[in-house]
Amino acid sequence: MKNVYDVLLERGYIEQITHEEEVKELLSKERVTFYIGFDPTADSLHLGHFIQIMVMMHMQKFGHKPIALVGGGTAKIGDPSGRTDMRQMLSNEDLIHNGNMLRKQMEKYLVLDGENGYVANNADWLDQLEYVPFIREIGSKFSVNRMLTAECFKQRLEKGLSFLEFNYMIMQAYDFLELERRFGCQMQLGGNDQWSNIIAGVDLVRRMDSKSVFGLTFKLLLTSEGTKMGKTAKGAIWIDSSKTSPYEMFQYLRNVEDADVENCLRLLTFLPMDEVKALSALEGSEINKAKEVLAFEFTKIVHGEEEAQKALDAARALFAGGGDSDSIPTTEFSKEKFEVGLPILDLLMEIGLIPSKAEGKRLIQQNGLIVQDVLVSDFAQVLTLSDFKEDVLMIRKGKKVFHRIQLKD
RNA sequence: GGAGGGGUUCCCGAGUGGCCAAAGGGGGCGGACUGUAAAUCCGUUAUCAGCGAUUUCGAAGGUUCGAAUCCUUCUCCCUCCA
C-alpha cells in the first residue's frame, strides 16, 4: 500500500516540507488531522485554490482528516504574502457570505461531517481576542527581527507594509495553535506562498504546547511562463458554475500551453501516473488528445461527469463541424425583440460579448464576427426572426468564442 | 509634526501651455500562420448614431483664446528627519 506522501511526491505537489522523515512516517502510521486555510476574499473558490482541494482529497482518500479552515478572521487583516499592495477591505457581511459560499463548495469535494473532516472558521477565535493578553501571551513568542527576514514581507518592506498586515503571520500561526488544541491538528498544508506563515505556526505550537506539528507546501499552479494560472481577461476561472460555466472551464484547460499539460494532468486530475506520462509524451498535434483528457477530467471533478461530457460534446461539435450543442453559453430572448429587429451591436452588448459598441465595430471591421456561419461585414446589420434557424442563432466571435441565442415565446 | 518627491488612459511608463485621446512597452482583442498550442508577423486598443461630437491625465476650483502641462485648496502614496 502506498503512502499519501509518496503519491503527493510522485505527482509533484510537494514543494517544501518542515520535517520530511517524520511526516512520511506519521502519514503512513496514523490518521492525521491537517488543515488548509482559505480566506473568504471572494464568494467562490477558483482554479488556483483547487490544487489545495485536490491535495485534501488525496489526503482524505488515505484516511486522513482535513480541516477546511475558512479565514473569516484573517481575511479582515489581509495576507501580504505575494502581494505588492494592500488588499481591499471587505465588509463583515461580505466576509460572512463569502465564507458560507466557500464552505458549501468545499463540502462538495470533501467529507466534512465532523467525523472524517471538519470545517472551522477562524473568526470564531480571532474576533474575540483581547489585545493586551494576546500580545503578552502570543506576541512575546515572536521575534520581529526574524519576522522581517521572512520572504513574504521582503517585497513589502520596500513598497510599504501596514502594521495590520504585519500581524497576519501571527494570526495564522495562532490558528494552527488553536486547531491543534481543538482538533488535535498535526499538520498545516498550503501553497508555497504560505511557507513563512506555516513555519511560524509550527514554531508557535512547539513553544506553547511543546508538541511537534508539521508543515508542508505545494507548488502554486503556474504556467510555464511563471505567471499564475487560472486568470483570464475576464478574471479568474471560478469553481462556481454561475461565474464560470463548465464549458468555459473546459475550454480554458483545453487551451493550456503544451508545456503545461503534464503539470496540469498531475496536479488537477486523478489519472494514474502511467496514464499521465503516456499522455504527456504525445507530440505535435497529438498532444491535443492529452489536452482534451485534461479538460474533461478536471471538469468532471469540479462539475460532475454529466457536465464534463456536455462540455466535451459542445467543444467537439463546434470545433470539428460547426454544429450546435446545448451546453455552450446560451442566452434566451423573447421573440418580440426580434420582430422589430435588433441591431447586432445591441445584441452583442446584451449578451456581454463586447464591452462597448466601439469595440464591436472594431471586431466586425477586423472580420472577427460570424453569425450563422456567415461573416458579418456591416456593423449596422439588424437581426430579425428570419435570421434564426429553428429558433437558434449561433454567434461566433473570433475563432474560439461561441454564443447561442435561443428564442422563447 | 517638519522637509522633499509623486498620483497619466487595463498595467508599467513618457509627456511640463497648443502639433495630446496623449510616445514606448506589457497585456487584451481581431487577422495571417498552425494543432482550439507556442513562437512569429500584421492590425487594433476612451465613448457615442459614421471622418463629427462628448468625456479622460488623483479631486474641486482658478488663470488663459487654449491646460495632462501654470496657480490655489483638498486628498492619497513614497522617501528622509522627529
Side-chain angles (χ1 to χ4, degrees), chain A residues 80 83-89 155-165 222-237 245-265 279-296 298-299 311-323 325 327-329 341-349 352-371 375-382 394-403:
Chain A
R83 288 214 135 221
T84 51
D85 54 350
M86 198 164 138
R87 278 173 200 275
Q88 220 196 327
M89 290 273 196
Q155 199 180 15
R156 294 298 297 279
L157 282 178
E158 282 164 28
K159 283 243 152 197
L161 175 73
S162 68
F163 181 68
L164 175 74
E165 294 173 284
L222 298 175
T223 65
S224 53
E225 320 243 289
T227 55
K228 272 194 187 167
M229 209 160 153
K231 297 263 172 185
T232 67
K234 278 191 223 154
I237 299 292
S245 72
Y247 175 79
E248 283 173 280
M249 173 180 280
F250 183 96
Q251 281 300 314
Y252 181 82
L253 288 159
R254 178 58 248 262
N255 283 315
V256 295
E257 294 177 27
D258 289 5
D260 296 321
V261 172
E262 174 165 6
N263 207 238
C264 289
L265 281 169
L279 284 167
S280 333
L282 294 173
E283 283 185 14
S285 60
E286 287 286 292
I287 196 138
N288 277 319
K289 281 185 196 157
K291 291 186 189 179
E292 199 175 80
V293 172
L294 166 67
F296 178 80
F298 185 69
T299 310
L312 177 65
D313 291 343
R316 281 185 175 163
L318 291 171
F319 287 96
S325 164
S327 68
I328 65 163
L342 188 61
I344 193 153
L345 291 175
D346 289 329
L347 178 67
L348 293 175
M349 285 289 283
L353 231 44
I354 52 169
S356 70
K357 291 188 183 179
E359 198 140 314
K361 278 182 204 169
R362 239 172 264 137
L363 180 72
I364 289 168
Q365 273 155 5
Q366 295 180 135
N367 292 335
L369 189 71
I370 291 173
V371 172
L375 186 68
V376 177
S377 53
D378 175 14
F379 58 72
Q381 187 177 335
V382 174
M394 282 298 299
I395 297 174
R396 186 175 142 200
K397 170 181 172 260
K399 278 182 283 193
K400 297 185 205 165
V401 183
F402 294 85
H403 201 103

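Each chain gets a letter, A, B and so on, in the order its sequence line appears, and its residues count up from 1. These figures come from a predicted structure and were not determined experimentally.
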Quick one: pull up OG in A/Ser356 and CE in A/Met349 and give me the separation to the nearest 0.5 Å.
6.5 Å
Grab the CG-C1' distance between A/Leu363 and B/G31 for me, whole Å please.
11 Å
Euclidean distance for C1', B/A21 against B/A68 (whole angstrom):
11 Å
Looking at the side chain of A/Lys399, which of B/A38, B/C33, B/C29 is the nearest nucleotide?
B/C33
Is A/Val256 touching bases, backbone alone, or none of the nucleic acid, heavy atoms closer than 4.0 Å?
sugar-phosphate
Can you give one letter per nucleotide of nucleotides 43-49 of chain B, 5' to 3': B if a protein heavy atom sits under 4.0 Å from the base, S if only from the sugar-phosphate, - if neither?
BSS-SSS
Option passing side-chain contact (heavy atoms from CB on, under 4.5 Å) with A/Arg254 (candidates A/Asn288, A/Leu294, A/Val293, A/Thr299)
A/Asn288
Distance between the C1' atoms of B/A67 and B/U16, in whole angstroms?
11 Å
Rounded to whole Å, the CD-C1' distance (A/Gln365 to B/C42) equals 16 Å
Can you tell me how far P of B/U34 sits from CD1 of A/Ile287, to the nearest Å?
20 Å
Taking atom P in both B/U47 and B/U64, compute the distance separating them and give it to the nearest angstrom.
35 Å
Rounded to whole Å, how long is the line connecting atom CD1 of A/Ile370 with atom C1' of B/G31?
11 Å
Could you walk me through whether A/Lys357 and A/Asp346 satisfy the side-chain contact (heavy atoms from CB on, under 4.5 Å) test, starting with their C-alpha distance in whole Å, then the side-chain angles of each, then the deciding distance to 0.1 Å, before giving a yes or no?
CA-CA 8 Å; A/Lys357 291 188 183 179; A/Asp346 289 329; 2.6 Å; yes
Residue of the set A/Leu282, A/Asp260, A/Leu253, A/Asp258 for which side-chain contact (heavy atoms from CB on, under 4.5 Å) holds with A/Lys291
A/Asp258
What are the two closest heavy atoms between A/Ile287 and A/Ser280, and how far apart are they?
CD1-O, 4.4 Å
Pick the C1' atom in B/U79 and in B/U63, then give their distance to the nearest Å.
33 Å
Using atom C1' of each nucleotide, how far apart are B/C78 and B/C71 to the nearest Å?
25 Å
Applying a 4.0 Å non-hydrogen cut-off, can you work out what A/Leu369 is touching in the nucleic acid: base, sugar-phosphate, or nothing?
nothing
Run the numbers on A/Ile370 and A/Val376 for side-chain contact (heavy atoms from CB on, under 4.5 Å), then give the verdict.
CA-CA 6 Å; A/Ile370 291 173; A/Val376 177; over 6 Å; no
Separation between the P atoms of B/U9 and B/A82, rounded to whole Å:
36 Å
Contact class for A/Asn367 (heavy atom, under 4.0 Å): base, sugar-phosphate, or nothing?
sugar-phosphate
B/U44 versus B/G24 - spacing of their P atoms, nearest Å
11 Å
The nucleotide from B/U34, B/C29, B/G35 with an atom nearest the side chain of A/Ser285 is B/G35
Roughly how many Å is it from NZ in A/Lys291 to P in B/U34, rounded to a whole number?
17 Å
Nearest-nucleotide 5' precedence on RNA chain B, A/Lys397 against A/Glu286
A/Lys397
Do A/Val261 and A/Val256 touch side chain to side chain, with heavy atoms closer than 4.5 Å?
yes
One pair to check against side-chain contact (heavy atoms from CB on, under 4.5 Å): A/Leu342 and A/Val382. What are the steps and the verdict?
CA-CA 5 Å; A/Leu342 188 61; A/Val382 174; 5.6 Å; no
Give the rounded distance in Å between these two atoms: CD of A/Glu292 and C1' of B/A37.
14 Å
Could you work out the separation of B/C70 and B/A53 based on their C1' atoms and round it to a whole Å?
28 Å
Stems in RNA chain B, runs of 3 or more consecutive Watson-Crick or G-U wobble pairs with both distances under 3.5 Å, sorted by first number, are B:1-7 with B:75-81, B:10-12 with B:24-26, B:27-32 with B:40-45, B:46-48 with B:52-54, B:58-62 with B:70-74
Is A/Gln251 touching bases, backbone alone, or none of the nucleic acid, heavy atoms closer than 4.0 Å?
base
side-chain contact (heavy atoms from CB on, under 4.5 Å) evaluation trace for A/Val371 with A/Met394:
CA-CA 6 Å; A/Val371 172; A/Met394 282 298 299; over 6 Å; no
Atom-pair distance (NZ on A/Lys400; P on B/U34), nearest Å:
16 Å
On RNA chain B, compare the nucleotides closest to A/Gly398 and A/Arg254; which residue's is nearer the 5' end?
A/Gly398
Atom pairs and distances, donor-acceptor, side-chain atoms in residues 395-402 of chain A, under 3.5 Å, two or more places apart:
| from | atom 1 | to | atom 2 | distance (Å) |
| --- | --- | --- | --- | --- |
| A/Arg396 | NE | A/Gly398 | O | 3.2 |

Can you tell me how far apart CD1 (A/Ile364) and CD (A/Gln366) are? Round to the nearest 0.5 Å.
11.0 Å
